[in-house]
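I have placed the structure first, in the form of structure tokens, so that the comments after it can refer back to it.
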Amino acid sequence: MTGATGEVWGVWLHAVAREATPISVAGIGGAAVEVVRAAGLCAFVSRAVAGDDDAAVLRERLEDPSWLGRAAFEHHRVVEAVAAAGPVVPASLATVYHDESGLAAALERHRGELAAALDRVAGRTEWGVKAYERADAPAGSGAAPAATGGGPGLAYLNRRRAELSARDRRHQEAADAAAAVHDRLSHRAVAAALHPPQDRRVSGEPDPMVLNGAYLVDDERTEDFEREVRALARGQAALRLRLTGPWPPYSFVPALAAAPHAQGDRQA
Amino acid sequence: MTSDASPALRSREVSLVDLLDRVLSAGVVIAGDITIAIADVDLVRISLRALVASASTVLGVADEERPPAIAATRRPAIGGGAEQATIAADRQWAGDERR
């Protein structure tokens, strides 16, 4: 599709649902959200400039962090609006087709997976739980032995060794505790996924993240899940927990994108 | 949790980093480049370093639009005084807190 100025436009997929619920929010760059019907499904899309055949314009924009950030929010806003009306399969960011027929073909191709995913996420919500190692955690069981005798040099070395092993113990305890938290929460959820822990420079947190989990929870068990998170948090000497959500089920749906490597390790 | 807020309002409350975790299937990994899948087109690689470097710009935009009624906590992030907005629905507990 070519615009008046010679720009080539693509079809940016936000989400797939069964019903064409009217939604009031705008899509990418403020473009109107439209519905494309195929394979008995409704795809919510907006038009975005893609550029020439290799999507050069879109590529360039995606490399601009402020554009990417804005697009992520715009995309999310549409996904949330669709999710508010019923089960939804959110598309990964920048799932873009040349035209409607390309999208329709993809929906046909993935019809079975999409239908199964819509069934799986119906009446369920994604929650995120992150755990950070507590810097103020006690140094772990078995306090370091006090250095005795041997002069100041040896005393320093002993103290240094004790500090290092205390830190190792704390890391280990945090990792073990995080694994236990994930295990407990996974039992409260119908599905669980692990995202890579965010680097401190990204999370903005002073403490290292040791768990970045996503949990698909039955809506009627939301309170149980929250209570479980709170209870787990109270029992932790080594961890600080943070709950985020509710999220559309981003972490529990198949990708429509033609990137076979991107999906294999998503669900834990 | 602001369950009575409109979806549009809620959207601005999420932190960009948490959102990117979810909408970029490859995940957020500081050490490398992110691969963005563009269906039927190609793969685009962007440098997360660039993203991180200007996170304050991105989040600043989202933050300005935030209605005053919604709590926004700002805290130092990512070196050079960058700021990060966090979610109102983002609750945090440590072991010694009573809730």
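Numbers restart at 1 for each chain; the letters A, B, ... are given by sequence-line order, proteins then strands.
With sequence neighbours excluded, the residues forming a side-chain contact (heavy atoms from CB on, under 4.5 Å) with A:V36 are A:A43, A:V45, A:E100, A:L103, listed by chain and number.
The minimum heavy-atom distance linking A:A72 with B:L19 is given by the pair O-CD2, 3.5 Å.
Only the side chain of A:E126 comes within less than 4.5 Å of a heavy atom of chain B; its backbone N, CA, C and O stay farther away.
For residues 207-216 of chain A, the pairs satisfying salt bridge (charged side-chain N to carboxylate O under 4.0 Å, His left out) are A:D207-A:R240, with sequence neighbours left out.
Side-chain contact between A:T244 and B:R22 is present, with heavy atoms from C-beta onward closer than 4.5 Å.
Residue A:E223 qualifies as open at atom CD: its count of foreign heavy atoms under 6.0 Å is 12 or below.
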